[in-house]
Amino acid sequence: MFVAAALVVAVAALTTGCGSLPPLQNRTVTFAVEPSAATPLGRGLLPLAEQHPGKTGVFVLADGRLAFAMRMLMAREAAQSIDIQTYIWRGDATGTMMFEEVLRAAERGVRVRLLLDDANTSGLDPTLALLASNPNLELRLYNPFVGRSARGLGILADFERLNHRMHNKSFSVDNQVTVVGGRNIADEYFEAGQETRLVDLDVAAIGQAVREVSAQFDLYWNSASAYPAELLLGGVQAEPRAALAQRAEDLQRSPGGVAYAAAIASTHEVERLRAGTLELEWAVARVVHDDPAKTLAPSTETDLQMLPQLLAAFGQPTASLDLVSAYFVPGDAGTEALTALARRGIRVRVVTNSLAATDVVSVHAGYVKRREPLLRAGVELYELKPQPSAQQHAMEIGSSSKAGLHAKTYAVDQRAIFVGSFNLDPRSARLNTEMGLLIESSVLAKRLAGVVDAAYPAVAYRVTLAEDGTLRWADGTGKMFDVDPETGWGRRALVEIGSWLPIEWLL
């Protein structure tokens, strides 16, 4: 009797967790606004872009606080529109301040479109309901969970669909300026967290690529996986407007918030950008992105995937290939391709997280199986150290208890560079959607080469093979490790076990 009752409860829970997505036939199709020379940004940026037809002006955002300040100040400058697409938007300090800023923009008449992947919105529904209640702000949830309070059961019941996520990140204002890169909207990406802080990279861009980013946004915004939030949040009690404002004010008055307010106040890049005096790298650039149909299509449909586009756009390396990827799982095909390049005399260098620095041990399990064949072929492997003190000077990430790599940037022959959301792993290639900017700039590509040059020993271990074929880690002081540095046996055992499991396709 008890077993039968338990089965009934389980089936009911699974049914609730899965459910049916609402129909989209009444959803409004909208597109990016036309850029106007009459807006504050337009007066400075349109004439500047017209001086460089067909090109994109790029400004690198390596510092997390600057990356946050740029977004906040861009939102404050907005006169026509704000379009934001992101994988994660947390309700922490930076996330709350950003929610407040975009809502203020909507309240002064700016059209705001927020496209959030729904995998990481747990606990945010009251705030999301508040945002969606503003007539100038439209919120859409990408590939959403139907049961808002039963997400675990939803995954079990609808794993095939929910295992595909939108990992794209873009932040565009007035269709005049955009920020594209690896950062989500959360404390750890903007150097605000007191625990792990993530070394990441964005670029701010004006000119030709902005329209391409907006077209990419529109494609996802009007796709079959983007659901208006009100269709899913009907029974949710919205957070009071005054409560969000108070939370944001309290955070701004906190010690960390005061430091962030000072960083924003001292950031003049947006002001110089608007005035046309910010030093930009002008180059031919193109947006590379997945088709959102990839979310609902079989992973074998490579015509929907961005990786073939990226490889075709880069072209075959003739001298060097620098890869910086937080999660590096090259698989059989990737390992074969990289080893073939190295054996042809191409210098191939990879910077990724060490086991001590990574935040996803399962992904590291997919990487460790490939280290030996890569090293034997001559590929150079560098693994980021976890201590932020080692990175303060080289990466300017501030102080925290632990640091990790989150950037995804690649350069070919010191002539072209990619900055975006795409990790070199099966999940980015086949399961998630991704995007980024491919920039034909020897200046930026050489700058990345310089970062890789300086990684060891300043911020990374170099992994090598000993004469007996075992792995060694050098830290630059003459000390060598014969196991992953700064890790315990338990963490190493988890990786070893994970490397035996047939889960690489999920990583």
- Task: Taking atom types as modelled, find out whether Tyr142 and Thr295 have a side-chain donor-acceptor pair closer than 3.5 angstrom.
- Result: yes
- Query: Passes side-chain hydrogen bond (donor to acceptor under 3.5 Å, both in side chains), Tyr189 versus Asp200? Steps please.
  - Reply: CA-CA 7 Å; Tyr189 302 96; Asp200 218 324; over 6 Å; no
- Hey, could you give me each pair passing side chain to side chain donor-acceptor pair (under 3.5 Å) that has a residue in residues 206-217? Not counting sequence neighbours. Glu34-Arg211, Gln85-Gln216, Asn168-Gln216, Asn175-Ser214
- If every non-hydrogen atom of Ser225 is compared with every non-hydrogen atom of Tyr227, which pair is closest and at what distance? O-CD1, 3.5 Å
- Task: Not counting sequence neighbours, list each pair that qualifies as a salt bridge (charged side-chain N to carboxylate O under 4.0 Å, His left out) and has a residue in residues 38-47.
- Result: none
- Quick one: do Lys446 and Asp322 satisfy salt bridge (charged side-chain N to carboxylate O under 4.0 Å, His left out)? Show the steps, please. CA-CA 10 Å; Lys446 287 176 180 177; Asp322 290 324; over 6 Å; no
- Item | Residues Arg71, Asp202; criterion salt bridge (charged side-chain N to carboxylate O under 4.0 Å, His left out); working and verdict | CA-CA 11 Å; Arg71 287 168 169 84; Asp202 297 321; 3.0 Å; yes
- Item | Side chain Ser354, main chain Ala357, donor-acceptor under 3.5 Å | yes
- Message: Tell me the closest heavy-atom pair linking Thr178 and Ser172, and the distance in Å.
- Response: OG1-OG, 2.8 Å
- Message: Can you pull out every salt bridge (charged side-chain N to carboxylate O under 4.0 Å, His left out) where at least one residue sits in residues 110-122? Sequence neighbours excluded, please.
- Response: Asp83-Arg113, Arg113-Asp218, Asp117-Arg165, Asp118-Arg148, Asp118-Arg151
- Rounding to 0.5 Å, atoms CG (Leu41) and OG (Ser36) come to a distance of 11.0 Å
- Message: Less than 6.0 angstrom from the centroid, inside 45 degrees of the normal: does Arg370 satisfy that with respect to the ring of Tyr367?
- Response: no
- Pairs where residues 404-425 contributes a residue and the test salt bridge (charged side-chain N to carboxylate O under 4.0 Å, His left out) is met, not counting sequence neighbours: Asp413-Arg415
- Roughly how far, to the nearest 0.5 Å, is CG of Asn163 from CG of Leu506? 5.5 Å
- Verify, without hydrogens or angle tests, whether Asp291 (side chain) and Ala293 (backbone) share a donor-acceptor contact under 3.5 angstrom. yes
Between side-chain atoms of residues 45-56 and protein atoms elsewhere (two or more places apart, or another chain), which donor-acceptor pairs fall under 3.5 Å?
unit_1	atom_1	unit_2	atom_2	d
His52	ND1	Leu48	O	3.2
Thr56	OG1	Ala209	N	3.0

- Message: Quick one: does any side-chain atom of Arg90 pair with a main-chain N or O of Asn120 as donor and acceptor, under 3.5 Å?
- Response: no
- Message: Would you say Asp187 and Thr94 are linked by a side-chain donor-acceptor pair, where the criterion is simply a distance under 3.5 Å?
- Response: yes
- Message: Regarding Ser442 and Gln414, do their side chains bring together a donor and an acceptor under 3.5 Å, going by distance alone?
- Response: no
- Task: Would you please test Ser421 and Glu434 for side-chain hydrogen bond (donor to acceptor under 3.5 Å, both in side chains) and show each step?
- Result: CA-CA 6 Å; Ser421 67; Glu434 309 286 352; 2.6 Å; yes
- Under the ring-ring contact (aromatic ring centres under 6.0 Å, His included) rule, what do Phe99 and Trp89 come out as? Steps first, then yes or no, please. CA-CA 9 Å; Phe99 277 139; Trp89 190 325; 4.5 Å; yes
- May I ask you to say whether Glu269 pairs ionically with Arg272, meaning some side-chain N is under 4.0 Å from a carboxylate O? yes
- Query: Which class fits the ring pair Phe422 and Tyr410: parallel under 30°, tilted 30 to 60°, perpendicular over 60°?
  - Reply: perpendicular
- Please identify each residue that fulfils side-chain hydrogen bond (donor to acceptor under 3.5 Å, both in side chains) with Gln176, with sequence neighbours left out. none
- Message: Tell me if a side-chain donor or acceptor on His167 pairs with a main-chain N or O of Thr433 at a distance below 3.5 Å.
- Response: no
- Task: Check whether the side chains of Glu281 and Ser441 place a donor and an acceptor atom closer than 3.5 Å, and report yes or no.
- Result: yes
- Task: Could you check Asp453 against Arg349 for salt bridge (charged side-chain N to carboxylate O under 4.0 Å, His left out), going step by step and ending with a plain yes or no?
- Result: CA-CA 10 Å; Asp453 287 340; Arg349 299 187 294 177; 2.5 Å; yes
- Message: Any carboxylate oxygen within less than 4.0 angstrom of a Lys/Arg side-chain nitrogen, looking at Arg462 and Glu383?
- Response: no
